[in-house]
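For the single chain, residues carry numbers from 1 onward in sequence order. Values below: every heavy atom of this structure, side chains too, minus hydrogens, waters and symmetry copies.
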Amino acid sequence: MPITKDDRRVFAEATRGVKPLRPQKTVPRNPSRPKPQARFRRAEDAATLAESLTDDEALPAAEEIAFRRPELSDRTFRDLRRSRFSIEAEIDLHGLTQRKAKVALHDFIVECGARRLRCVRVIHGKGARSGPDGPVLKAGVAHWLTQWDDVLGYVSAARRHGGSGAVYVLLRGR
C-alpha cells in the first residue's frame, strides 16, 4: 500500500519536536575471535628439529592422557588427537603448587569460555622433578578438567607442543 500525502502529514505532526538520539558506542554482537598466539614458536620449531634428529627408540615412553564426554563426536576427538585445532590460548602451570594450579586452571578455563575460545593448551609438565610419586600436576589437571562442564575433552599434546607434558583442551561452544 503506497504512502499518501495525508499519511506523511500525520507522521510529520506526530514527530514534530522530536530530536534524533545521539549515536552511542556499542559492542558488536559477534565479536571476532582473537588470533591464536604463537608465543613459543621459535622454541617449538627448535624442539621439532631436535626431535627429528634423535632416535625415538632412545626416548622414554611417557604416559599419555585423554578424556572425552559422550557428546563429543569420534571425528572431532580424532581431530583433537591429531592437533588439527588452532591453539587459541595457553597456560603454563610449571612451578605452581597443586592448590594454586587448580585455581589458575579454573580461572583460565572460565575466561576462555567467556571469550568463546574452542581449543586451548594447558602445560602441566612431565613431572621429571616430582620424585617417586610421579607427576603431581599432570594427575591433578587430568582430574580437574573432567569436573568442569565447559570441557568437552582433552588429549596429550603432540610432541612439538609439549607431548605428555601438556594437553589440548576442547571447550564447549556457546
* Say whether R159 and S164, considering side chains only, have a donor N or O and an acceptor N or O under 3.5 Å apart. => no
* Asked: Any chance the side chains of T76 and D79 put a donor and an acceptor closer than 3.5 Å?
  ->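 Result is no, nothing qualifies.
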pair [X]-[Y]: side-chain heavy atoms closer than 4.5 Å:
X	Y	value
R84	R78	no
V169	L152	no
I87	V120	no
V122	L93	yes
I109	L171	yes

* **side-chain contact (heavy atoms from CB on, under 4.5 Å) between R118 and E88, intermediate numbers included** => CA-CA 7 Å; R118 182 81 167 136; E88 297 171 302; 3.6 Å; yes
Enter the distance from [X]:[atom1] to [Y]:[atom2] here, rounded to the nearest 0.5 Å.
X	Y	atom1	atom2	answer
E90	C112	CD	SG	10.5 Å
F85	L170	CZ	CG	5.0 Å
T97	K102	OG1	NZ	12.0 Å
H161	R121	NE2	CZ	5.0 Å
H124	L145	NE2	CG	8.5 Å
L137	L105	CG	CG	10.0 Å

* So, does S156 use its side chain to make a donor-acceptor pair with the main chain of I65 at under 3.5 Å? -> yes
* Donor-acceptor pair, Y168 side chain versus G153 backbone, under 3.5 Å? ->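 Absent.
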Grab the two heavy atoms, one from [X] and one from [Y], that are nearest each other, plus how far apart they are.
X	Y	answer
T146	R69	O-NH2, 3.1 Å
V155	A66	CG1-CB, 4.0 Å
A104	I91	O-CD1, 3.6 Å

* Asked: Does anything in residues 13-23 pair up under side chain to side chain donor-acceptor pair (under 3.5 Å), and if so which pairs, sequence neighbours excluded?
  -> R9-E13
* **Close aromatic pair by centroid cut-off 6.0 Å: W148 and H106** => yes
* **Electrostatic pair E71:R172 at N-O distance under 4.0 angstrom** => yes
* To do: Establish, for the pair R68 and F77, whether the NZ or CZ atom is under 6.0 angstrom from the six-membered ring centre and no further than 45 degrees off its axis.
  => yes
